[in-house]
**Q** 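I am attaching a structure below and will ask some questions about it afterwards.
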Amino acid sequence: MTPFAKTVYEVVRKIPKGQTRTYKQVASAAGRPGAYRAVGNILNKNFDPAIPCHRVIRSDGSTGGYNRGATKKKERLRKEGVLS
DNA sequence: CGTATGACGTGCA
DNA sequence: GTGCACGCCATAC
């Protein structure tokens, strides 16, 4: 576990329910504003259910991907009222 | 150390 | 509005 990944997990874990954060925002909060690419890479390798990684979406509003399927991610976000 | 990969972002056709 | 190509950063090999 690298410090960067650890920070990313912390930030993602701190995301309030019903709210979403872009990969850019997470990367910025993690201390690497330009490492949004790495953020996605890290979350992709992460399978810890304690981390609401489904609340992290793309800057353009797209849900992006999910370790359990993009569809599942959409379902979750919709359940939380983030998506219509 | 160098190359390849990926849940991305922005720009341009 | 959609699709493609290039650029960026951390990891894995």
Side-chain angles (χ1 to χ4, degrees):
Chain A
M1 186 70 68
T2 67
F4 178 62
K6 186 177 174 186
T7 307
V8 171
Y9 292 141
E10 283 276 307
V11 174
V12 176
R13 196 185 307 166
K14 284 172 190 170
I15 300 177
K17 181 179 178 251
Q19 282 198 296
T20 56
R21 276 308 204 35
T22 66
Y23 292 95
K24 215 180 210 179
Q25 289 291 311
V26 175
S28 183
R32 297 289 189 276
Y36 41 78
R37 228 353 162 112
V39 173
N41 208 332
I42 292 165
L43 291 180
N44 184 19
K45 290 167 185 166
N46 171 58
F47 276 75
D48 191 331
I51 300 172
C53 36
H54 59 271
R55 288 182 192 156
V56 184
I57 63 177
R58 290 181 57 151
S59 60
D60 62 319
S62 302
T63 54
Y66 196 49
N67 48 20
R68 290 195 179 80
T71 308
K72 194 82 176 172
K73 180 172 182 177
K74 286 191 213 171
E75 285 273 312
R76 254 180 217 283
L77 290 175
R78 184 184 305 195
K79 241 181 152 211
E80 299 197 358
V82 180
L83 294 178
S84 54

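Order of the sequence lines sets the chain letters (A, B, ...), proteins ahead of strands, with each chain counted from 1.
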**Q** Does A/K24 offer a backbone N or O that forms a donor-acceptor pair with the side chain of A/S28 under 3.5 Å?
**A**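 Here the side-chain-to-backbone pair does not exist.
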**Q** For the pair made of CG in A/N44 and C1' in B/dA7, what is the distance, rounded to whole Å?
**A**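 Between C1' of B/dA7 and CG of A/N44: 6 Å.
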**Q** Which comes earlier along DNA chain C counting from the 5' end, the contact point of A/K45 or that of A/Y36, where each point is its nearest nucleotide?
**A**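 On the 5' side of the pair lies A/Y36.
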**Q** Should A/I42 and A/Y9 be marked as a side chain to side chain contact (heavy atoms under 4.5 Å, CB included) after you check the CA-CA gap, both sets of side-chain angles, and the distance that decides it?
**A** CA-CA 9 Å; A/I42 292 165; A/Y9 292 141; 3.3 Å; yes
**Q** Contacts to DNA chain B from residues 18-26 of chain A, heavy-atom cutoff under 4.0 Å, which residues?
**A**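 Output list: A/Y23, A/K24.
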**Q** Any donor and acceptor pair, going by atom type alone, linking the side chain of A/K72 with main-chain N or O of A/Y66 inside 3.5 Å?
**A**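 The answer is no, because no donor-acceptor pair under 3.5 Å joins these two groups.
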**Q** To the nearest Å, give me how far apart CE (A/M1) and P (C/dA12) are.
**A**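 For the pair A/M1 CE and C/dA12 P, the rounded distance is 10 Å.
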**Q** Could you give the CG-to-P distance, from A/N46 to B/dA7, as a whole number of Å?
**A**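 Distance check: A/N46 CG to B/dA7 P gives 14 Å.
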**Q** Measuring to OP1 and OP2 of B/dG9, would you say a side-chain N or O of A/R58 lies under 4.0 angstrom away?
**A**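 Checking B/dG9 against A/R58, a side-chain N or O does come within under 4.0 Å of OP1 or OP2.
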**Q** Can you tell me how far C1' of B/dA7 sits from OH of A/Y66, to the nearest Å?
**A**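 So the two atoms are 11 Å apart, to the nearest Å.
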**Q** So how far is it from A/K74 NZ to A/I57 CD1, rounded to the nearest 0.5 Å?
**A**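 Between A/K74 NZ and A/I57 CD1, I get 12.5 Å after rounding to 0.5 Å.
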**Q** Rounded to the nearest 0.5 Å, how far does OG1 of A/T63 lie from CD of A/E75?
**A**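 Here the rounded value is 11.5 Å.
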**Q** Could you check if a side-chain atom of A/V12 sits within less than 4.5 angstrom of a side-chain atom of A/R55, using non-hydrogen atoms only?
**A**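 Not in contact.
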**Q** Do A/K17 side-chain atoms and A/E80 backbone N/O form a donor-acceptor pair below 3.5 Å?
**A**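 A pair under 3.5 Å: no.
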**Q** Whole-Å distance between B/dA7 C1' and A/D48 CG?
**A**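 Whole-Å distance recorded here is 16 Å.
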**Q** Could you state the atom-to-atom distance from CD1 of A/I42 to P of B/dA7 in whole Å?
**A**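 Spelled out: CD1 on A/I42 to P on B/dA7 is 14 Å.
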**Q** Select base, sugar-phosphate, or nothing to describe what A/A35 touches, counting heavy atoms under 4.0 Å on all strands.
**A**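 A/A35: backbone/sugar contact only, no base atoms under 4.0 Å.
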**Q** Starting at CG of A/L77, measure out to OG1 of A/T20 and round the result to the nearest 0.5 Å.
**A**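 The OG1 atom of A/T20 is 7.5 Å from CG of A/L77, to the nearest 0.5 Å.
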**Q** Answer yes or no: does atom CZ of A/R68 have more than 12 heavy-atom neighbours from other residues, nucleotides or ligands under 6.0 Å?
**A**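 Yes - once you tally the heavy atoms of other residues, nucleotides and ligands closer than 6.0 Å, there are more than 12.
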**Q** When the nearest nucleotide of DNA chain B is assigned to A/V39 and to A/D60 on a heavy-atom basis, which residue is associated with the more 5' position?
**A**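 Its nucleotide being nearer the 5' end, the pick is A/V39.
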**Q** Using a cut-off of strictly less than 4.0 Å between a heavy atom of the residue and any atom of DNA chain B, enumerate the qualifying residues of residues 70-84 of chain A by number.
**A**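 By residue number: A/K73.
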